[in-house]
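What you see is a predicted model; the values in this text were computed from it and never measured.
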There are 2 protein chains.
Amino acid sequence: MTHPLFHPDAEEISLPAVLTALGDETRLSIIAILARNGERAMTCGEFLQLGSKTALSYHVAKLREAGVINVRPDGTKRLLTLRRIDLETRFPGFLASIIISAGTVRLPENPIMADAAEAPGETEWT
Amino acid sequence: MTHPLFHPDAEEISLPAVLTALGDETRLSIIAILARNGERAMTCGEFLQLGSKTALSYHVAKLREAGVINVRPDGTKRLLTLRRIDLETRFPGFLASIIISAGTVRLPENPIMADAAEAPGETEWT
DNA sequence: TCCTTTGTTCAATGATCCTTGAACTATTGA
DNA sequence: TCAATAGTTCAAGGATCATTGAACAAAGGA
C-alpha cells in the first residue's frame with residue numbers, strides 16, 4: 001500500500017483483482033453482510049465473528065485495495081461501505097450476481113443477519 | 001485431483017472456488033475467448049498465445065476442477081467448453097457479467113478473435 | 001491525564017500459487 | 001512399426017497468501 005487508506009480510482013479497478021479479492025470465504029462473507037445492510041456503513045468490529053482483529057484488518061485492506069469497499073475513518077473506528085456504484089459502472093451486473101449467489105455462504109448466527117438472509121429474492125440496485 | 005478429468009457436479013460448484021479460478025489473467029482470458037467462440041469447443045492448443053503448454057495444462061485443470069469448463073478427450077486433443085448452463089443455474093447472471101467485463105482484458109492478436117472482440121454489445125444466454 | 005476502544009503494523013510461519021524444463025503418455029497417421 | 005501430435009506429470013523455484021501474537025497508534029471518554 002502506497003499510502004494509508006489508498007483507494008483505487010473507479011477506472012483503475014481491475015476485474016482480476018476484484019475476483020481475487022472475492023475468492024476468499026471471509027472476504028466474500030464481508031461483502032455479503034455489507035450488501036445486506038443496505039447503505040448503512042459498518043465497522044470492522046461488526047465482522048469479528050469471521051476472524052481475529054488482525055485477520056479482519058488484513059482482509060478489509062485487501063478489499064479496499066482491490067476497489068471493492070470504501071473505508072473512512074470515524075473516531076477510533078473505520079466505516080466500511082460497498083463501492084456499489086463504481087462496481088456497477090465498471091462491471092455491470094457483477095456485484096448483483098455475486099450478492100445473490102453468496103446467499104448460501106456461511107453467515108454468522110446473528111438475529112439481525114438471520115432476518116436479512118431470508119429477505120425476499122428481490123434486490124434493489126442503485 | 002481424485003481422478004483424471006474430474007469435474008464437480010453442478011450443485012457442488014462453489015462460488016469462492018469459481019472466483020479464485022477466474023482471478024487470474026490467463027484463466028480469465030481463456031474464459032473470455034471460449035465465450036466469444038459461442039458453443040464451439042476449443043482445444044488447449046488454441047490458447048498457446050497465453051502461455052506455455054505446461055502452464056496452459058495447469059490453468060485448464062484449475063478451471064475444470066472449479067467447475068468453470070468441461071474438458072472432454074477427443075483423440076490426442078482435449079475439447080474445452082464453458083459450463084454455461086451449470087454456471088447460470090448456480091450463479092444467475094454471473095458468467096454474463098464476467099464475459100461482458102472481461103472485454104477489456106488482454107486478448108491475442110488473432111484476426112478471428114479481433115472480430116469477436118468487436119462484436120455487438122448483445123450476448124445471447126441459453 | 002489516564003484508560004479504554006478500535007484498529008494497524010510487524011515479523012514469523014506454513015500453505016498455496018504460478019512458472020519452468022525435462023520426461024512421459026496416449027492417440028493418430030504414414 | 002515408427003514418428004508426429006497433443007497434452008500431462010513431476011520436481012524445483014520463487015512469489016504471494018492467510019494466520020498468529022505482540023507491540024503499537026490514534027481518538028474519545030472519565
Can A:Lys62 and A:Val60 be said to form a side chain to side chain contact (heavy atoms under 4.5 Å, CB included), step by step?
CA-CA 5 Å; A:Lys62 286 275 176 191; A:Val60 164; over 6 Å; no
I would like to know whether B:Ile100 and A:Phe94 meet side chain to side chain contact (heavy atoms under 4.5 Å, CB included); could you show each step before the answer?
CA-CA 10 Å; B:Ile100 291 170; A:Phe94 172 75; over 6 Å; no
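B:Met42 places its CE atom 15 Å from the C1' atom of D:dA6, with the value rounded to the nearest Å. If you take CG of B:Leu19 and P of D:dC17, they are 16 Å apart, rounded to a whole angstrom. Atom CD of A:Glu46 and atom C1' of C:dG7 are 14 Å apart (whole Å). Look at CG on A:Leu22: it is 16 Å from C1' on D:dC17, rounded to the nearest Å. Regarding A:Leu5, its CG atom lies at a distance of 14 Å from the C1' atom of D:dA25, rounded to whole Å. Computed from coordinates, the A:Lys77 NZ to D:dG28 P distance equals 12 Å when rounded to whole Å. Look at CZ on A:Arg64: it is 14 Å from P on C:dG7, rounded to the nearest Å. Rounded to whole Å, atom C1' of D:dT9 lies 13 Å from atom CD of B:Glu65.
Between B:Ile33 and the options B:Leu80, B:Leu28, B:Leu50, a side-chain contact (heavy atoms from CB on, under 4.5 Å) holds for only B:Leu50. Among B:Val18, B:Leu95, B:Val68, B:Ile13, the one residue that satisfies the side-chain contact (heavy atoms from CB on, under 4.5 Å) test with B:Arg83 is B:Ile13.
Put simply, B:Arg78 has a side-chain N or O that comes within less than 4.0 Å of OP1 or OP2 on D:dT8. Side-chain N/O atoms of B:Thr76 include none lying less than 4.0 angstrom from OP1 or OP2 on C:dT28.
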Give me the distances for all protein-to-nucleotides 18-24 of chain C N/O pairs that come in under 3.5 Å?
| from | atom 1 | to | atom 2 | distance (Å) |
| --- | --- | --- | --- | --- |
| C:dC18 | OP1 | B:Arg27 | NH2 | 3.2 |
| C:dC18 | OP2 | B:Arg27 | NH1 | 3.2 |
| C:dC18 | OP2 | B:Tyr58 | OH | 2.8 |
| C:dT19 | OP2 | B:His59 | NE2 | 2.4 |

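Under a 4.0 Å N-O distance rule, the pair A:Arg40/A:Glu46 qualifies as a salt bridge. Taking the charged nitrogens against the carboxylate oxygens, A:Glu39 and A:Arg84 do have a contact shorter than 4.0 Å, which makes a salt bridge.
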